[in-house]
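Report on the following structure.
Predicted model only: the values in this text are computed from it and were never measured. Counting begins at 1 with the first residue of the sequence.
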Amino acid sequence: MSVSLQKGQKVNLSKDNVGLNRIVVGLGWDEVQQSGGFLKSMFGAKQDIDCDASAILLQDGKFVSKYDLVYFGNLNHRSGSVNHQGDNLTGAGDGDDEQIVIDLLQVPQEYDRIVIVVNIYQAVQRKQHFGMIQNAFIRLVDARNNNEMCRYNLTDNYSGMTAMIFGEVYRRNGEWKFNAIGQGTNDTGLNDLCRRYS
């Protein structure tokens with residue numbers, strides 16, 4: 001049974017999911033359809049909005065190595081525990097637009113948190129922000145049976161924001177939990193997001 005989360009809500013992934021060992025973090029969005037007309041013909045074809053999902057692995061709450069960032073340019077963590085399934089450049093299609101698979105059993109003990117972030121690629125140059133997309137969500141799925149465990153819908157207005165700290169998977173007392181953060185930021189890219197944890 002899926003739990004619908006609110007900002008700041010936490011859920012225990014281990015409880016009621018005995019033997020849980022792999023989860024899929026699915027992220028999706030739809031571009032807001034804008035009327036073209038005069039403006040479109042005057043300024044040329046509009047550019048697709050490219051949202052990028054990434055995972056930042058933290059040790060004692062800190063980002064300590066560039067190798068601990070899993071994103072479109074580094075699809076697999078060196079431990080093999082976190083794997084990005086590929087870049088979606090437009091948000092087109094139904095369901096998850098990007099997925100990150102986390103093998104909970106393989107996450108090395110030194111990592112206590114995996115932060116999931118999304119940013120708009122070249123947002124400043126392209127003059128794009130989250131107010132130009134809709135139906136954005138993050139969901140956690142049990143990879144064993146494809147059951148959705150929890151979903152966080154981004155229903156708040158993030159207009160003007162170029163990046164988002166969606167949530168974090170973290171380990172506490174031997175159990176895995178998820179915290180829906182939903183914090184919009186004006187970070188211009190992944191470097192800025194990673195600096196928040198250094």
**Request:** Go through S54 and L190 one step at a time and tell me if the side-chain contact (heavy atoms from CB on, under 4.5 Å) criterion holds.
**Result:** CA-CA 8 Å; S54 307; L190 275 176; 3.5 Å; yes
**Asked** Does any pair with a residue in residues 188-198 pass salt bridge (Lys or Arg N to Asp or Glu O under 4.0 Å), and if so which ones, sequence neighbours excluded?
**Response**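 Found D187-R196, D192-R195.
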**Message:** Between Q59 and D112, do the side chains contain a donor N or O and an acceptor N or O under 3.5 Å apart?
**Reply:**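 Per modelled atom types, D112 and Q59 side chains form no pair under 3.5 Å.
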**Message:** Under a 3.5 Å cutoff, is there a donor and acceptor pairing between the side chains of H77 and N83?
**Reply:**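 N83 and H77 do not have a side-chain donor-acceptor pair below 3.5 Å.
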**Message:** A cation-pi test, strictly: NZ or CZ of R151 under 6.0 Å from the centre of the six-membered ring of F137 and no more than 45 degrees from its axis. Yes or no?
**Reply:** yes
With the threshold set at 4.0 Å, does a side-chain nitrogen-carboxylate oxygen contact exist between [X] and [Y]?
X    : Y   : answer
R78  : D68 : yes
R139 : D96 : yes
K62  : D60 : no

When clusters are formed by joining ILVMFWY residues with side-chain heavy atoms under 4.5 Å apart, either directly or through shared neighbours, do [X] and [Y] land in the same one?
X    : Y    : result
I116 : Y111 : yes
L58  : Y71  : yes
I102 : V141 : no

**Asked** Given I23 and L104, is the side-chain contact (heavy atoms from CB on, under 4.5 Å) satisfied, shown in steps?
**Response** CA-CA 7 Å; I23 59 172; L104 300 172; 4.2 Å; yes
**Request:** For E98 and D52, run side-chain contact (heavy atoms from CB on, under 4.5 Å): C-alpha distance rounded to whole Å, both residues' side-chain angles, the deciding distance at 0.1 Å, then the answer.
**Result:** CA-CA 8 Å; E98 293 195 7; D52 290 320; 3.9 Å; yes
**Asked** At their closest point, which heavy atom of C150 faces which heavy atom of F178, and how far apart are they?
**Response** SG-CD2, 4.1 Å
**Item:** Closest contact, heavy atoms only, T162 versus N186
**Value:** OG1-C, 3.3 Å
**Request:** For side-chain contact (heavy atoms from CB on, under 4.5 Å), just list the numbers for I133 and C51, CA-CA rounded to whole Å, side-chain angles, deciding distance to a tenth of an Å, and then say yes or no.
**Result:** CA-CA 10 Å; I133 64 173; C51 290; 4.0 Å; yes
